[in-house]
Amino acid sequence: MTYRKLSTEEYKDLESRILYEDNHLLVINKKAGEIVQGDKTGDEPLSETLKAFIAGRDGKPGQVFMGVPHRLDRPVSGITVFAKTSKALERMSAMFRNGDVHKTYWALVCSRPEPDEGELEDWMTRNEKMNKSFICKEPSRHPGARLAKLRYRTIGQTDRYFLVEVNLLTGRHHQIRCQLSGHGFCIKGDLKYGAPRSNSDGSISLMSRHISFIHPVRKTPVEVSAPVPPSWKGVTLP
């Protein structure tokens, strides 16, 4: 298997964004705009870039395994887990499905949440053609509707926005984006879900900030945090 040769700048960039790595897992700080897996755009996904990175860095002559146990939306940044072995992929995928991976997200929102903290519970439905989710008030009329739950708390603010920490209790399509918007505090830059203006870099101000789980092979605790994007100017960290 031949992988494309990465530039020196690409190697340095990827190395600087690796948050955790061992023989089974690679956890990286995904940039907003990167796709995790291949899609209809034809853009190179991060999974393929990392294969080329490992092949070049480690001098691997054969095929590099880089499994995808979960995904982040393209405009979202932060912690993304990849599996370097099939055993790790199978087990991590099951852990994500079963809620054994604890994820914390940070979002800059356009309006102050009322109250400052709480739990949101909604029925959501997904429109595949629009690639968008909606809160439905009468789930019985939407056979595909699924219950969505999350906890949030306001932990800071800038001169114009509010920093909210979110813990997902379920994993639905665009869940954080849809629920926060549906309750009156849309995410900065998220035009699809009601933000008044876009971010200059095409991102939305939502990041996967922290993750913790028991290693699927070693059975030891793993905790990883991602740095706040430089574009989040004026955010005072709690």
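If you read the sequence from its start, that first residue is 1, and numbering goes on from there.
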Exercise for the section: Name the orientation class of the two ring planes belonging to H24 and H215 (parallel below 30°, tilted from 30 to 60°, perpendicular beyond 60°). Expected result: perpendicular
Problem - Taking every non-hydrogen atom, the tightest pair across G78 and A226 - result: CA-CB, 4.4 Å
Problem - Residues that R160 engages under salt bridge (Lys or Arg N to Asp or Glu O under 4.0 Å), provided they are two or more places apart - result: none
Problem - Flag side-chain contact, heavy atom, 4.5 Å: S133 against Q175 - result: no
Handout entry: Sidechain N-carboxylate O distance under 4.0 Å for D22, R218
Key = yes
Exercise for the section: Flag this pair as yes if the NZ/CZ of K51 is under 6.0 angstrom from the six-membered ring centre of Y3 and inside a 45 degree cone about the axis; otherwise no. Expected result: no
Completion exercise
To the nearest 0.5 Å, atom CH2 of W106 lies from atom OG of S225 at 8.5 Å
Problem - Side chain to side chain, I28 and L19, heavy atoms closer than 4.5 Å - result: no
Problem - Other cluster members, I187 - Ile/Leu/Val/Met/Phe/Trp/Tyr, side-chain contacts below 4.5 Å - result: L72, V76, Y105, V109, L120, L150, Y152, F162, V164, V166, L168, I176, L180, F185, I204, L206
Practice task
Taking atom NZ of K132 as the centre, report whether more than 12 heavy atoms of other residues, nucleotides or ligands fall under 6.0 Å from it.
Solution key: yes
Handout entry: Short side-chain to backbone donor-acceptor contact, S77 and K30, under 3.5 Å
Key = no
Practice task
Starting at CZ of F134, measure out to NE2 of H142 and round the result to the nearest 0.5 Å.
Solution key: 10.5 Å
Exercise for the section: Kindly write out the residues that satisfy salt bridge (Lys or Arg N to Asp or Glu O under 4.0 Å) with E128, not counting sequence neighbours, or none if the list is empty. Expected result: R126
Problem - Atom pair CZ/OG of R91 and S93 - distance to nearest 0.5 Å - result: 12.0 Å
Handout entry: Under-4.0 Å salt bridge between K31 and E34
Key = no
Handout entry: Heavy-atom side-chain proximity of F213 to D100 below 4.5 angstrom
Key = no
Problem - Check ion pair R4-E10 (N to O, under 4.0 angstrom) - result: yes
Problem - S203 side chain to N199 backbone, donor-acceptor under 3.5 Å - result: no
Exercise for the section: Would you mind reporting whether P196 and C110 have side-chain heavy atoms less than 4.5 Å apart? Expected result: yes
Exercise for the section: Please say whether more than 12 non-hydrogen atoms of neighbouring residues, nucleotides or ligands are located less than 6.0 Å from NZ in K219. Expected result: yes
Handout entry: Note, S231 side chain near D201 side chain (heavy atom, < 4.5 Å)
Key = yes
Exercise for the section: Drop me the distance from L169's CG to K103's NZ, to the nearest 0.5 angstrom. Expected result: 11.0 Å
Just distance, no hydrogens or angles: give the donor-acceptor pairs under 3.5 Å from side chains in residues 56-71, sequence neighbours left out.
from : atom 1 : to  : atom 2 : distance (Å)
R57  : NH1    : E21 : OE1    : 2.9
R57  : NH2    : E21 : OE2    : 2.7
H70  : NE2    : V81 : N      : 2.8
R71  : NE     : Q37 : OE1    : 2.8
R71  : NH2    : Q37 : OE1    : 2.6

Practice task
Taking the side chain as every heavy atom from C-beta outward, state whether V27 and I18 have any atom pair closer than 4.5 Å.
Solution key: no
Practice task
List the steps and the verdict of side chain to side chain contact (heavy atoms under 4.5 Å, CB included) for F82 and L25.
Solution key: CA-CA 6 Å; F82 291 90; L25 300 175; over 6 Å; no
Problem - Qualifying residue, where the test is salt bridge (Lys or Arg N to Asp or Glu O under 4.0 Å) with R153 and the options are E117, E119, E165 - result: E165
Exercise for the section: Run through the side-chain heavy atoms of Ile, Leu, Val, Met, Phe, Trp and Tyr, join any pair under 4.5 Å, and report what else lands in I35's cluster. Expected result: none
Handout entry: Side chain proximity check, S208 to T80, heavy atoms < 4.5 angstrom
Key = no
Handout entry: H174/Y193 aromatic ring centres below 6.0 Å
Key = yes
Problem - A94 backbone acceptor or donor facing N98 side chain under 3.5 Å - result: yes
Problem - Residue pair H102 / N167, side-chain donor-acceptor N/O under 3.5 Å - result: no
Exercise for the section: Applying salt bridge (Lys or Arg N to Asp or Glu O under 4.0 Å), name anything that partners D122, two or more places apart in sequence or on another chain. Expected result: none
Practice task
Output yes when a side-chain donor or acceptor of R74 lies under 3.5 Å from a complementary backbone atom of A32, and no otherwise.
Solution key: no
Exercise for the section: Check whether any side-chain heavy atom of R146 sits under 4.5 Å from a side-chain heavy atom of T125, and report yes or no. Expected result: no
